[in-house]
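To start, the structure under review is shown below, and the notes come after it.
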Protein chains: 2
Amino acid sequence: MTARPRGKATGPCPIGRAVGVIGERWTLLILRNATLGTTRFEAFRSELGIADNILSDRLARMVEAGLLARVPYTEGRRVRHEYRLTDAGAGVLPVLHALAAWGEEHTRAGESSPSMRVVHRPCGHATGPGGPRATCDHCGQPIRRDDELWVRPWRSPDPIPLAQPFPWKSR
Amino acid sequence: MTARPRGKATGPCPIGRAVGVIGERWTLLILRNATLGTTRFEAFRSELGIADNILSDRLARMVEAGLLARVPYTEGRRVRHEYRLTDAGAGVLPVLHALAAWGEEHTRAGESSPSMRVVHRPCGHATGPGGPRATCDHCGQPIRRDDELWVRPWRSPDPIPLAQPFPWKSR
DNA sequence: TATCTTAACTTGCATATTGCAAGTTGTCAG
DNA sequence: CTGACAACTTGCAATATGCAAGTTAAGATA
């Protein structure tokens, strides 16, 4: 054996552990799309353009790592499975925010395409430049996950609510 | 050719672009250590345990991507090069914060080792649980990069100041 | 001067990961 | 009974990674 076991989540440094779990190729992109509501194999495959054997492998590993839950559902009378964010998977949101902000600031889209924005539902206002924040630029309140909408104009003008973690907490 | 060209930084989604640039294996760990002051090939190699051909490749690619600057320096009368964070490389700090927070919350160190903390120099207080923040938990002020110290007790009890981006801005 | 050492690479080769294409399985629609 | 489809699995070729060893340039040592 030569390459070290991937996905090692041990060690004293929390950054190293995080990279070991969510730093694999595709993993953050799968989490991004799951955050935007994607749950099914075929949807991930076509949205991401990932090879299906790799997707299969990644989803299984992410379930094992506790990022996604594989939950059965019925389509007609047929049992299928979908992949839903767990708390740990949903907890990657601040990482996605930070990546979005860095990407907006330090990379350029090929075409001049309109930026991604985050809308705070209660006040209806979007983030300013610099990307999504934990706190609303407009009303100053912390943005709760279920009050957060993403606008990705290159896909659709409609704001997209974020997927809530599974199992859904009653509160 | 089969595997798609890695490190593609184009496309409309800023998260996808960010992952294309800083999402490669080792890249975030190199940036973490560079943020903590590492600048030299040999130091990265021994700190990270990365194979030297891979390190050579990554550093070159990171220079090309504008994350690091290769700057000559003299050791005695001899000219060497070191790798210093650029603005773009230093700008990854919020991603490292988010990863650290996620890692603390959702992964476990093998041994029970003391957590990483961030200290705000002006007020001398460390972040509470949940990991590093953009704003000081104690005094409420935004934490400027040059007022931020990391404490990584498994390496040393001493707080480590963060490397400043190169070229250093006069202000 | 000759040899040693070190940082920073480069090269060769074995192993691991990724991607593509094609095959498989279990429904369901017609 | 014949597709069609989602969700995989398998085989194979192309890349990436890791290890070990070689290279280069200059400073240190003898």
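These numbers come from the heavy atoms of this one structure, side chains and all, not from hydrogens, waters or symmetry mates. A note on names: the letters A, B, ... follow the listed sequences, proteins ahead of strands, and every chain is numbered from 1. Because the structure is predicted, anything quoted here is derived from the model rather than measured.
Of the candidate nucleotides dA8(C), dC19(D), dT18(C), dT18(C) has the atom nearest to the side chain of Arg25(A). Checking dC8(D), dG18(D), dA7(D) against the side-chain heavy atoms of Glu42(A) singles out dA7(D) as nearest. When the nucleotides dT17(D), dA20(D), dA22(C) are ranked by their closest atom to the side chain of Asp52(B), dA20(D) comes out on top. Comparing atom distances between the Arg80(B) side chain and each of dT6(C), dC9(C), dG18(D) picks out dT6(C) as nearest.
Whole-Å rounding puts the Glu24(A) CD to dT17(C) P distance at 9 Å. In this structure, the CH2 atom of Trp26(B) is 23 Å from the P atom of dT15(D), given to the nearest Å. What separates CE of Met62(B) from P of dA8(C) is a distance of 16 Å, to the nearest Å. Straight-line distance from the NE2 atom of His81(A) to the P atom of dG26(C): 13 Å, rounded to whole Å. As rounded to whole Å, 10 Å separates atom C1' of dA7(D) from atom CG of Leu59(A). Note: CD1 (Ile54(B)) to C1' (dT17(C)) measures 13 Å, nearest angstrom. Here dG26(C) presents its C1' atom at 15 Å from CZ of Phe41(A), a figure rounded to the nearest Å. Atom CG of Leu29(A) and atom C1' of dG19(C) are 16 Å apart (whole Å).
The residue from His81(A), Arg80(A), Arg40(A), Arg84(A) that alone fulfils the side chain to side chain donor-acceptor pair (under 3.5 Å) condition with Tyr73(A) is Arg40(A). Checking Arg121(A), His97(A), His120(A) one by one against Glu148(A), the side chain to side chain donor-acceptor pair (under 3.5 Å) holds for a single residue, His97(A).
OP1 or OP2 of dT17(D) has at least one side-chain nitrogen or oxygen of Arg58(B) nearer than 4.0 Å. One finds no side-chain N or O of Arg45(A) lying less than 4.0 angstrom from the OP1 or OP2 phosphate oxygen of dC8(D). Contact annotation: Arg70(B) side-chain N/O to dC9(C) OP1/OP2 distance is under 4.0 Å. Checking the phosphate oxygens (OP1, OP2) of dA7(C), no side-chain nitrogen or oxygen of Tyr83(B) falls inside 4.0 Å. Taking only side-chain nitrogens and oxygens, Tyr73(A) never comes nearer than 4.0 Å to OP1 or OP2 of dA6(D).
Note on Phe44(A): nothing from the nucleic acid sits closer than 4.0 angstrom, heavy atoms only.
Side-chain atoms of Asn53(A) stay outside donor-acceptor range of the base of dC8(D), with no qualifying N/O pair under 3.5 Å.
The environment of Arg108(B) atom CZ is sparse: at most 12 non-hydrogen atoms of other residues, nucleotides or ligands sit within 6.0 angstrom.
Ring geometry for His125(A) against His138(A) counts as parallel: the plane angle stays under 30°, on a 0 to 90° scale with 60° as the upper cut.
Nearer the 5' end of DNA chain C, as judged by each residue's closest nucleotide, is the contact made by Ser56(B), out of Ala51(A) and Ser56(B).
No donor-acceptor pair under 3.5 Å is formed between the side chain of Arg58(A) and the backbone N or O of Trp26(A).
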